[in-house]
Amino acid sequence: MKKYIDLERGFISIFIAIFCVSVLSRVTQQKVQGFTYNGLEAFFVFIGIVFLNYFSTQELKRRGVLLGIFTGCMIGYGAAIGEAFYASNSHILLTDIWIYFNGLAYSVVSTEILWIFLRIYDLYKSGNWEVSENKLINKGIHILNCYPFRSYLVIILLVWIPAFIALLPGYYSSDGPLQLGNILNGGYINLQWPAIHTLVLGACFKVGNIIGGSYNVGLIIYCILQGGLLAAAMAYAASMLSKWKVPGSMISIVTIVMAANPVVQAYAFSTTKDAMFGSFLLFVTVGVAELSLRSQTFFASVKKMILFSLVIWWMCATRKQGIYVMLIVFVIVFILTKQYRKKLFLIIIPSLVCALAINPVISLIFPVQKDNPRELLSIPSQQMARVYCYAKDSLSVQELEELAYYYDLEQFEEYIEPLSDPTKGAINNDALNQDTKGYFQLWAKLGMKHPGLYIQAFLWGTIGYFYPSAEVYNRWSGLSPWNEFAAEPHNECIKDGGETNQITQFNLLPSYYDYLQEGCGEMFPNNPIMTLWVHPALPFYALLLSAVLIIFSKEYKKLITWLLPGIFWGSVMLGPVMCIRYVCPLFYCIPFIILLPFIKIEENKKIEGVN
């Protein structure tokens with residue numbers, strides 16, 4: 001019987017290989033100018049796919065086969081739609097049969113790769129994981145297991161030294177210069193950005209100016225603080241994985257590969273709020289894992305509960321999304337955890353309340369500029385602006401009057417497909433506050449009339465988070481230019497030039513600086529593997545792989561931990577532009593996300609003396 005099953009699998013593998021070779025050759029010829037498959041290359045691709053299919057399904061459980069097919073189709077058709085989206089400048093024709101053929105070919109290849117991951121994972125879970133017999137490697141892994149936090153911290157910091165030197169005194173970009181301009185020049189805090197981050201940033205610059213007589217010193221202090229915090233978070237996550245019996249070789253490989261990532265390095269030494277938030281997101285993710293997978297030990301330790309509560313507060317204080325993400329996770333954990341509900345409530349709710357109280361308290365101490373509600377309306381603004389620009393003739397007089405009530409329609413003429421700043425800037429805040437319900441009724445009404453335009457507008461701002469191609473690059477998607485708005489933290493240094501307090505780049509390692517810029521910007525367009533390594537879609541694929549392995553092993557408890565970075569990834573979709581900066585917090589979490597399925601679930605029975 002087994003011979004017939006093997007023969008059947010072999011014929012299926014050959015059929016799949018023929019299909020993939022024919023479709024992929026056409027796709028490659030379209031995407032790579034002047035490329036043509038010769039017979040030998042096609043033959044090797046054919047043989048490769050046959051063996052890939054045959055051996056990846058060998059002894060794989062039916063659950064794994066079906067999981068691989070379902071997820072592979074998600075990835076494959078997502079890639080085909082993304083490709084068609086950019087090829088047609090967002091005007092996808094669903095009647096184009098090649099979308100479905102391309103999607104099927106990509107799905108097959110994605111499924112094969114997932115089957116291999118599931119096969120390896122199945123070997124690991126069944127206890128057939130082979131440890132290397134190389135003495136040097138084993139000795140290195142033994143040292144890492146004995147002193148995991150200190151070892152990984154040193155390794156990460158060593159990997160980051162070239163980036164620190166290349167970016168000296170630090171990468172002064174994104175919203176950081178504007179925050180500093182407000183607090184140091186204007187004497188107020190703009191609550192559009194997290195007040196705590198503004199205060200930390202401003203304090204570092206003040207101290208640097210006092211100590212060294214230059215804001216360059218302040219920028220160095222801030223970058224050392226933030227870089228050290230991020231390195232400590234990654235090292236702590238690696239040490240906990242080691243404690244929870246994940247193989248040391250896997251931890252070291254994934255951690256070092258991500259520590260060397262240009263996105264991880266560049267943002268570790270930048271003034272953006274997102275990087276500091278990333279450290280606390282990782283600390284909280286590890287805490288949720290311990291809370292859900294080692295409940296008895298965690299809730300027996302007062303010290304652990306207090307520290308967890310503090311890092312939750314810091315996470316929520318350094319980015320507003322943290323509050324909503326943590327609240328959703330709390331509700332789910334509260335429902336699923338019956339034994340420790342009281343302690344869970346006392347740990348999380350006070351942290352969330354204190355985080356919500358930050359802005360009112362800051363307003364009593366400092367002059368502030370209030371946050372603008374239009375920051376939450378990027379997607380609706382882009383969607384209605386697209387309808388106005390592309391289907392204005394289809395709108396009734398009443399609909400145009402309603403649009404004009406909520407928006408300055410002249411600014412709609414400045415509509416930019418990937419960026420919502422012009423359209424959300426056109427919002428009439430008074431009208432929105434007076435009739436919020438009417439605003440969303442208008443949004444829903446226009447969406448019912450033009451669902452295609454709404455989908456296109458949404459994809460322009462989000463497709464880069466799941467379509468792994470360098471095509472998604474745009475002017476705003478990469479690392480922001482140095483001091484883009486020429487904002488300086490000194491009354492006499494608003495513009496470039498002249499003053500000793502001026503923040504300047506040192507340019508000590510120009511080649512490495514260019515490497516970081518290309519990784520965070522154009523995403524190495526000529527190298528698909530390097531592109532994926534630095535792509536905004538990388539967190540999506542890490543989350544997807546982690547979820548597949550967890551579901552395959554039926555260890556659903558781990559999904560509680562997965563939810564924290566997973567929900568945060570979903571919240572990024574509501575941002576004003578597809579940007580690597582918004583998902584960079586997840587880049588620091590990727591080693592923990594990928595290795596989460598490999599954690600051994602076991603409760604410590606002996607808890608005496610835990611504090």
Query raised in the report: Checking side chain to side chain contact (heavy atoms under 4.5 Å, CB included) for the pair Q226/F269: CA distance, chi angles, key distance, verdict?
Result: CA-CA 7 Å; Q226 180 173 268; F269 305 111; over 6 Å; no
Query raised in the report: Taking it one step at a time, do Y454 and R386 satisfy side chain to side chain contact (heavy atoms under 4.5 Å, CB included)?
Result: CA-CA 8 Å; Y454 266 41; R386 191 169 183 86; over 6 Å; no
Query raised in the report: Between M74 and F466, does a side chain to side chain contact (heavy atoms under 4.5 Å, CB included) hold up when you go through it step by step?
Result: CA-CA 10 Å; M74 271 180 53; F466 52 86; over 6 Å; no
**Report entry** Step-by-step side chain to side chain contact (heavy atoms under 4.5 Å, CB included) determination, L442 to Y405
**Finding:** CA-CA 11 Å; L442 174 63; Y405 177 67; over 6 Å; no
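Proximity of I99 to I97: side-chain heavy atoms (C-beta onward) are nowhere separated by under 4.5 Å.
Rounding to the nearest 0.5 angstrom, the gap separating the SG atom in C520 from the CZ atom in R581 is 12.5 Å. Atom CD1 of I594 is separated from atom OH of Y541 by 13.5 Å, given to the nearest 0.5 angstrom. Here Y467 contributes atom OH and E83 contributes atom CD; the two are 5.0 Å apart, rounded to the nearest 0.5 Å. To the nearest 0.5 Å, the span separating CZ on F598 from CG on L596 amounts to 10.0 Å. To the nearest 0.5 Å, atoms CD1 (I593) and CG (L545) are separated by 11.0 Å. Between the CD1 atom of I455 and the OG atom of S90 there is a distance of 11.5 Å, given to the nearest 0.5 Å.
In this structure, Y100 and Y77 have tilted ring planes: the angle between them lies in the 30° to 60° band. Aromatic ring pairs are classed by plane angle as parallel below 30°, tilted from 30° to 60° and perpendicular above 60°; the pair F440 and W443 is perpendicular.
Residues Y407 and Y439 bring a donor and an acceptor atom of their side chains to less than 3.5 Å of each other. Between the side chains of Y188 and N182, a donor-acceptor pair is found at a separation under 3.5 Å. Side-chain polar atoms of Q517 and Y513 form a donor-acceptor pair below 3.5 angstrom. Of the N and O atoms on the side chains of S420 and S378, at least one donor lies less than 3.5 Å from an acceptor on the other residue. With no hydrogens or angles considered, a side-chain donor-acceptor pair links Y406 and D435 at under 3.5 Å.
Using modelled atom types, one side-chain atom of S292 and one backbone atom of V288 make a donor-acceptor pair closer than 3.5 Å. The backbone N or O of A431 lies less than 3.5 Å from a partner atom in the side chain of N428, making a donor-acceptor pair. When atom types are taken as modelled, the side chain of K449 and the backbone of S394 share a donor-acceptor pair closer than 3.5 angstrom. Using a distance-only test at 3.5 Å, with no hydrogens or angles considered, a donor-acceptor pair links the side chain of Q265 to the main chain of A260. For Q382 (side chain) and E417 (main-chain N/O), a donor-acceptor pair under 3.5 Å exists by modelled atom type. Panel note: side chain Y171, backbone S480; a donor-acceptor pair is recorded below 3.5 Å. The backbone N or O of G452 lies less than 3.5 Å from no partner atom in the side chain of H450, so there is not a single donor-acceptor pair. Counting only distance, with no hydrogens or angles, the side chain of W476 and the backbone of M578 share no donor-acceptor pair below 3.5 Å.
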Show me, pair by pair, the donor-acceptor contacts under 3.5 angstrom made by side chains of residues 316-323, not counting sequence neighbours?
unit_1	atom_1	unit_2	atom_2	d
T318	OG1	W314	O	2.8
T318	OG1	M315	O	3.2
R319	NE	Q321	OE1	2.4
R319	NH1	D274	OD2	2.3
R319	NH2	Q321	OE1	2.8
K320	NZ	L191	O	3.2
K320	NZ	Q192	O	3.1
K320	NZ	D371	OD2	2.6
Q321	NE2	S571	OG	2.8

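Under the side-chain contact (heavy atoms from CB on, under 4.5 Å) rule, Y582 has a single partner from L574, V572, T272, which is V572.
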